[in-house]
There are 4 protein chains.
Amino acid sequence: MTDTPHRRGADRTEAIMRTTLELGQKIGYARLSMEAVAAHAGASKQTIYRRWSSKGALLLDSLLSLNEPGLDYPDTGDLVADLRAQIHAAVDLLAGPAFGPLFKALVGEAQHDPQVAAALNERLIAPQADKTVARLKAARDQGQLSPGFDLALAMAILSGPLYFQLLITQEQLTHEYVDRILDALFAGMRPRPPMPAAQAGPPPTPGPHRRARG
Amino acid sequence: MTDTPHRRGADRTEAIMRTTLELGQKIGYARLSMEAVAAHAGASKQTIYRRWSSKGALLLDSLLSLNEPGLDYPDTGDLVADLRAQIHAAVDLLAGPAFGPLFKALVGEAQHDPQVAAALNERLIAPQADKTVARLKAARDQGQLSPGFDLALAMAILSGPLYFQLLITQEQLTHEYVDRILDALFAGMRPRPPMPAAQAGPPPTPGPHRRARG
Amino acid sequence: MTDTPHRRGADRTEAIMRTTLELGQKIGYARLSMEAVAAHAGASKQTIYRRWSSKGALLLDSLLSLNEPGLDYPDTGDLVADLRAQIHAAVDLLAGPAFGPLFKALVGEAQHDPQVAAALNERLIAPQADKTVARLKAARDQGQLSPGFDLALAMAILSGPLYFQLLITQEQLTHEYVDRILDALFAGMRPRPPMPAAQAGPPPTPGPHRRARG
Amino acid sequence: MTDTPHRRGADRTEAIMRTTLELGQKIGYARLSMEAVAAHAGASKQTIYRRWSSKGALLLDSLLSLNEPGLDYPDTGDLVADLRAQIHAAVDLLAGPAFGPLFKALVGEAQHDPQVAAALNERLIAPQADKTVARLKAARDQGQLSPGFDLALAMAILSGPLYFQLLITQEQLTHEYVDRILDALFAGMRPRPPMPAAQAGPPPTPGPHRRARG
DNA sequence: AACTAATCGAGACGGTACGTCCAGTCTTGGA
DNA sequence: TCCAAGACTGGACGTACCGTCTCGATTAGTT
């Protein structure tokens, strides 16, 4: 029988997360209450609290349920192209209509809930960062980057401006913006064995969307 | 008469903001309620709502009242040293015990309150960013940076990693971390007319605290 | 000059009472606040509190300002006809759209404000009752009522059922109801020198609207 | 298990009504707030509002909980004696220290809350009035009253003066006053086949407490 | 087939805070 | 000197959720 009024276990878990996403998208994740999720999911509050200790925990699980596979890095041999492809994909997700508001709400929760902050890092941020670091490491191993290159620092430098744009200035995150950052950074990051010296800022190397502003 | 029990206007404004800071520091800004601020400030809720439309607005004004003068940039002629000095100061503030938790709470609010987000940008982020941009512009005007150098982008690249550390990974923000970022970036940003060619990543030029990690 | 923005004394008093009546009629006397009266009258709250110590006091004065002359008794020699005429007039006022709601609100206030209760009695109830008593006394003096007739008691018996209808059952007060009460009462109250014996209840004497119900 | 900290339903209902009575008696029903009842009853406001939509509704239920059985009429065969007994009992209740202030407050509420007015009539006034009417009807059926006697009207005439005294003049309601009214009225109401003719007003027949005043 | 244990929805409960309204007092500045 | 305008504290309003807690009904997995 599949039409029993309330089924058990995983059934309920999934229904609650789906309701969280739908309702959050409709009314905003800030206005979303455990009460409302319970009512709309046809679940009791007890059932929700059995599984998630806070709204943040529920949001995080709901968000992760959207993106089980994660974003994978290509390795075409061209580091900059690979990073660009991956960051474009990440930006499409983070700044997209489904994921974006939820992610921002989650970061908001993380600012006053250490448990959410920790879980957010462990389950969403770190896995993605690890992939970037792995790709950079491959490049370093192949001599495309100097041996002393600080991979984690590079990752932070690549990611930071995006989060700044997303969380602080709250302007739209575009591929063009990503490209400008990559162009600016790789003038400095790239080793320059043959070339005389890469120009700083927007380097002469033509990026697809590069345009100076300052 | 100056000793009336409640003098008007500015008096109450200041008392409420002071209470917000004290109480927020004691119990945490997330647990801080308008109700509690009113009670501890000896003010009525009406008086608070007359001035601030939301907790976020109150937090922002309270935070700004801590830092009326703002941080000013030196201009010693040495761009990197000047940026380092200013960013150290900014980090001391942002990651310090008084300002830090409040600022994080405010960014949290900004994630679900567009008014707070806008005010945060206009009144806290932009003024500071403008100073960085001005210092960079002076350097560019003096030929220390290439003419096409994108000042706003550079500002985002300099700031981004710090906010990433503060808001996402929530690790401690140290001077040493700032130095590593500056070292890594300025290998690429700096124009290199005289120098042979700065190596990317952690450049060979010894920065004060540089240490590889990846 | 008559168009100064705020004139003094009696001017203000009258404006405030007029506003009380208008606003009370529009939104109901229960929902009427001192605040609203002040705002609509273009007066400050201070000015209102200077003249009236409570909403009840203001209501009472406003009500009395409607009815300065009061209701006067005719004395045509026919007691029952005179009482009927006067009570009809009183009922028209008390149950009318202008006076009625205000009077009911005032009685409501009187139930928890002894000052209002006292003022209501002294300034509204007693003066009217006195006229009824005076008319009854004239009748007694002329031998139309027995010498031991208790005038005040008769007044209470005549009035009581009307207030019961107005305040408790809240049904419509009609002339017909007044007549039925008078008919029933005067079968007992009237002395019967010549007649053999007046029938009790609805007496046989034809009243204009008499009709049995029980 | 019967000792759970808060058992359900009726428990809370009763505790809240008891608190309403106690607190109302102590501080006055006008000054009684839902807030205070909740606090003193150890209940949340929600719990109160779940059961009663307004202070008036709560007052009415609390009052009725004082008087579950109601007042019953004797039928000794002597109509006047029975009415007197019953009205004495009613007056003892209405003008007594427990019931009186509460009843007056309730009538006050009824003046601006039609729901309270309706409930007051249905649940308190009408049941009692019905008993009076029933007793009068028995008397009429036995020929003690004329066949055309209007029972409902008589009830209003009997009750009205008491409510007038209680609500308007706010003087003390005594058995003596009740007796004077009954004496005055029954001179007219009573059929007088055998008797010579009852005098109106205070009839010559000596009632137990009769005394002229006018 | 009946029993047991787990799980569910429903929703009552004490609480805390919300944002609003009004009471009654006080201050300021203009007429 | 009187006024309007309106700021101020304080208290209550009625509502929304929180997280905890019964309560029966339903279901699975034993016996």
Side-chain angles (χ1 to χ4, degrees), chain A residues 1 4-9 11-12 15 31-39 41-55, chain B residues 1 4-13 15-16 31-39 41-55, chain C residues 1 4-9 11-12 15 31-39 41-50 52-55, chain D residues 1 4-9 11-13 15-16 31-39 41-55:
Chain A
M1 219 187 295
T4 29
H6 33 269
R7 292 158 301 172
R8 300 304 170 82
D11 268 3
R12 301 282 78 205
R31 263 174 294 281
L32 190 66
S33 65
M34 298 299 248
E35 198 101 25
V37 171
S44 80
K45 289 200 284 176
Q46 194 76 266
T47 302
I48 300 183
Y49 281 109
R50 237 194 297 275
R51 290 168 170 73
W52 298 278
S53 62
S54 69
K55 179 174 147 182
Chain B
M1 220 186 294
T4 29
H6 346 92
R7 286 162 303 171
R8 295 311 169 78
D11 266 8
R12 301 280 78 206
T13 302
I16 292 165
R31 262 175 294 280
L32 190 67
S33 65
M34 298 300 247
E35 198 103 26
V37 171
S44 78
K45 287 199 282 177
Q46 191 77 241
T47 299
I48 300 184
Y49 281 108
R50 235 193 297 274
R51 290 169 168 70
W52 298 279
S53 62
S54 69
K55 181 175 146 180
Chain C
M1 218 187 295
T4 28
H6 33 271
R7 291 158 301 171
R8 302 301 169 83
D11 268 3
R12 302 281 77 208
R31 263 175 294 280
L32 190 67
S33 64
M34 298 299 248
E35 197 102 25
V37 171
S44 80
K45 289 201 283 175
Q46 194 75 265
T47 302
I48 299 183
Y49 281 109
R50 237 193 298 275
W52 298 278
S53 62
S54 69
K55 179 174 146 182
Chain D
M1 220 187 293
T4 28
H6 347 93
R7 286 162 302 170
R8 294 312 170 79
D11 265 7
R12 300 282 79 205
T13 301
I16 292 164
R31 263 175 294 279
L32 190 65
S33 65
M34 297 299 247
E35 198 103 24
V37 172
S44 77
K45 286 199 281 178
Q46 192 75 244
T47 300
I48 299 183
Y49 282 108
R50 236 193 296 274
R51 289 169 171 71
W52 298 279
S53 61
S54 68
K55 180 175 145 181

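All chains are named by letter (A, B, ...) in the order of the sequence lines, taking the proteins before the strands, and each is independently numbered beginning at 1.
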Closest approach of D:Y49 to D:M34 (non-hydrogen atoms, all atoms of both residues):
OH-CG, 3.6 Å
Nearest-Å distance, CD1 (B:I48) to C1' (F:dG10)?
13 Å
Name the nucleic acid region contacted by B:A36, choosing base, sugar-phosphate or nothing; use a 4.0 angstrom heavy-atom cut-off, strictly under.
nothing
For the side chain of D:Q46 and the base of F:dA16, is some donor closer than 3.5 Å to an acceptor across the two?
yes
Comparing D:A43 with A:A39, nearest DNA chain E nucleotide closer to 5' gives the residue A:A39
Atom CD of D:E35 and atom P of E:dC22: how far apart are they, to the nearest Å?
17 Å
Those residues that, when tested against C:S54, pass side chain to side chain donor-acceptor pair (under 3.5 Å) (two or more places apart):
none
Computed from five pairs at either end and rounded to 10 degrees, the angle between the axes of the helix from E:dA1-F:dT31 to E:dA31-F:dT1 is 10°
Which residue lies more 5' along DNA chain F, comparing D:R31 with A:S53 via nearest heavy atoms
D:R31
Pairwise 5' ranking along DNA chain E for C:K55 and D:A41, keeping only the more 5' one:
D:A41
Starting from C1' on E:dG11, measure out to CZ on D:R51 and report it in whole angstrom.
12 Å
Between P of F:dT9 and NZ of C:K45, the distance in whole Å
14 Å
Between D:R12 (CZ) and F:dC21 (C1'), how many Å, whole number?
13 Å
To the nearest Å, how far apart are B:Y49 OH and F:dC13 C1'?
14 Å
Taking only the side-chain nitrogens and oxygens of C:R50, find out if one of them lies under 4.0 Å from OP1 or OP2 of F:dA4.
no
Sorted by chain and residue number, the salt bridge (charged side-chain N to carboxylate O under 4.0 Å, His left out) partners of D:K45 (sequence neighbours excluded) come out as D:E35
Separation of atom CG in A:L32 from atom P in F:dC17, rounded to whole Å:
10 Å
Please give, in whole Å, the distance from E:dC13 C1' to D:I16 CD1?
10 Å
Which is more 5' along DNA chain F, the nucleotide nearest C:S44 or the one nearest B:T47? Just name the residue.
C:S44
For A:T47, the side-chain contact (heavy atoms from CB on, under 4.5 Å) test, sequence neighbours excluded, returns A:R12, A:I16, A:S44, A:R50, A:R51
Residue B:M34, side-chain atoms from C-beta onward, closest of E:dC18, E:dC22, F:dC13:
E:dC18
Closest heavy-atom contact between B:A15 and B:A41?
O-CB, 4.3 Å
